[in-house]
**Student:** 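Below is a structure I'd like to ask you about.
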Amino acid sequence: MDLNNLFVSLTPSWTSVSMLIGFFLYLATVGSILPGKLVPGATLSDGTRLHYRCNGLLSLLLLVLLLGVRSQMNLVSPTAIADRGLELLSTTLIFSVLVTLMLYLVGLNSRAKSSSLKPHVSGNLIHDWWFGIQLNPEFMGIDLKFFFVRAGMMGWLLINLSVLAKCVIEAKLSQSMILYQLFCGLYILDYFFYEEFMTSTWDIIAERLGYMLVFGDLVFIPFTFSIQGWWLLSNKVELTTAAIIANCLVFLIGYSVFRGANKQKHVFKKDPKAPIWGSPPKVIGGKLLASGYWGIARHCNYLGDLLLASSFSLPCGISSVVPYFYPIYLLILLIWRERRDEARCAEKYKDVWAEYRKLVPYRILPYVY
């Protein structure tokens with residue numbers, strides 16, 4: 001693709017704008033009316049807590065069903081997203097910039113005193129725009145932080161399904177594509193099945209909503225996590241039986257660690273006395289879980305994350321580094337985040353954290369200090 005064609009492909013059109021707006025309107029509408037478990041969030045510094053309606057799985061399945069029916073009726077092309085990938089990327093990127101500028105201006109002029117909406121202004125425009133000013137900004141009663149991460153995860157699946165449809169239409173379906181689609185599909189469905197666990201994550205509890213989170217949710221997750229699918233659409237990879245089995249094992253082990261660790265942490269926050277692996281949990285200082293996966297290594301959920309990310313890329317073989325962008329990026333990110341988490345926990349828990357480190361000396365990977 002030459003530079004002129006690349007520029008044309010990246011130029012937003014009214015079609016891409018309408019697709020994005022339609023997607024957001026759908027999520028806002030069904031997210032408000034479909035039934036779902038109402039999950040209380042973490043207690044904030046002023047004693048308040050938000051409540052989240054976790055109906056993401058139902059919203060996603062209904063959306064896929066509606067798009068499938070419309071596709072059968074020739075009202076929408078199943079490859080619409082795949083055909084406009086770069087265009088949708090630039091449109092979403094521009095939207096992310098505009099919406100975070102609005103969040104910056106609204107936050108800057110806010111006089112709210114609640115923990116959710118109280119402005120945190122450093123005086124540095126770039127810093128405040130990047131990291132955000134308010135913790136939980138809303139629009140028409142919709143919690144934007146929870147809304148954007150839901151949109152990003154659904155967008156990832158919609159891109160993958162459109163790429164899969166294009167692959168089938170062009171008679172390019174392969175074992176590699178099937179494995180990639182299967183692993184990602186299971187991961188995304190699992191995310192929405194356990195959507196309430198998201199309410200106890202650091203991003204939801206403590207990160208203010210700025211460009212960093214909005215870009216990560218709306219642009220980075222759907223458009224970079226799907227690189228493997230785009231790559232397989234243009235490159236044929238033949239996998240041996242041993243490679244397929246090994247890839248499945250990496251996924252299963254990664255999923256077990258990732259989901260198991262996150263579930264244990266979530267359950268512990270809701271009920272500190274709930275058994276872990278059939279036994280009473282070991283708790284340090286009444287605050288830190290040191291049982292189950294959390295008694296094996298600190299931040300062990302990151303290991304599951306890395307294995308899952310690798311399983312998404314392994315179907316692409318080893319002929320190119322391009323499909324490995326996600327796991328390589330994630331490795332760098334999680335090493336940085338683990339260091340940041342360590343510093344924050346040391347400051348927050350002080351002697352309790354020091355005691356936990358002595359009991360659980362390994363970081364991310366068991367037997368690695």
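We number each residue from 1, following the sequence as shown. In this text the structure is predicted, and so the values were computed from the model without any measurement.
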**Student:** Just say parallel, tilted or perpendicular for the rings of Phe312 and Tyr180, cut-offs at 30° and 60°.
**Tutor:** perpendicular
**Student:** Any non-hydrogen side-chain atom of Leu60 less than 4.5 Å from a side-chain atom of Leu189?
**Tutor:** yes
**Student:** Does the plane of the ring in Tyr187 sit parallel, tilted or perpendicular to the ring in Phe258? Use 30° and 60° as the thresholds.
**Tutor:** tilted
**Student:** Do Asn124 and Ser122 meet the criterion of a side-chain donor-acceptor pair at a distance under 3.5 Å?
**Tutor:** no
**Student:** Give the C-alpha distance, both sets of side-chain angles, the deciding distance and a yes or no for ring-ring contact (aromatic ring centres under 6.0 Å, His included) between Phe197 and Tyr191.
**Tutor:** CA-CA 9 Å; Phe197 290 6; Tyr191 170 88; over 10 Å; no
**Student:** Are Gln134 and Arg208 close enough that some pair of their side-chain heavy atoms sits under 4.5 Å apart?
**Tutor:** no
**Student:** Between Asp341 and Tyr302, is there a side-chain donor-acceptor contact under 3.5 Å, judged purely by atom types and distance?
**Tutor:** yes
**Student:** Would you call the rings of Phe220 and Phe215 parallel, tilted or perpendicular, where under 30° means parallel and over 60° means perpendicular?
**Tutor:** tilted
**Student:** With side chains defined as the heavy atoms from C-beta onward, is the minimum distance between Leu164 and Leu173 less than 4.5 Å?
**Tutor:** yes
**Student:** Could you pull out all residues at least two apart from Arg49 that satisfy side-chain hydrogen bond (donor to acceptor under 3.5 Å, both in side chains)?
**Tutor:** none
**Student:** Answer with yes or no whether the side chains of Ser45 and Ser115 bring together a donor and an acceptor at under 3.5 Å.
**Tutor:** yes
**Student:** Just by distance, no angles: are the side chains of Glu87 and Ser13 close enough, under 3.5 Å, to form a donor-acceptor pair?
**Tutor:** yes
**Student:** Should Glu195 and Arg150 count as an ion pair when the cut-off is N to O under 4.0 Å?
**Tutor:** yes
**Student:** Do the charged groups of Lys145 and Glu207 touch, with an N to O distance under 4.0 Å?
**Tutor:** no
**Student:** Should the ring pair Phe146 and Tyr52 be called parallel, tilted or perpendicular, given that the plane angle runs from 0 to 90° and is split at 30 and 60?
**Tutor:** tilted
**Student:** Does the ring-ring contact (aromatic ring centres under 6.0 Å, His included) test come out yes or no for Trp277 and Tyr293, once each step is laid out?
**Tutor:** CA-CA 9 Å; Trp277 288 346; Tyr293 288 104; 5.0 Å; yes
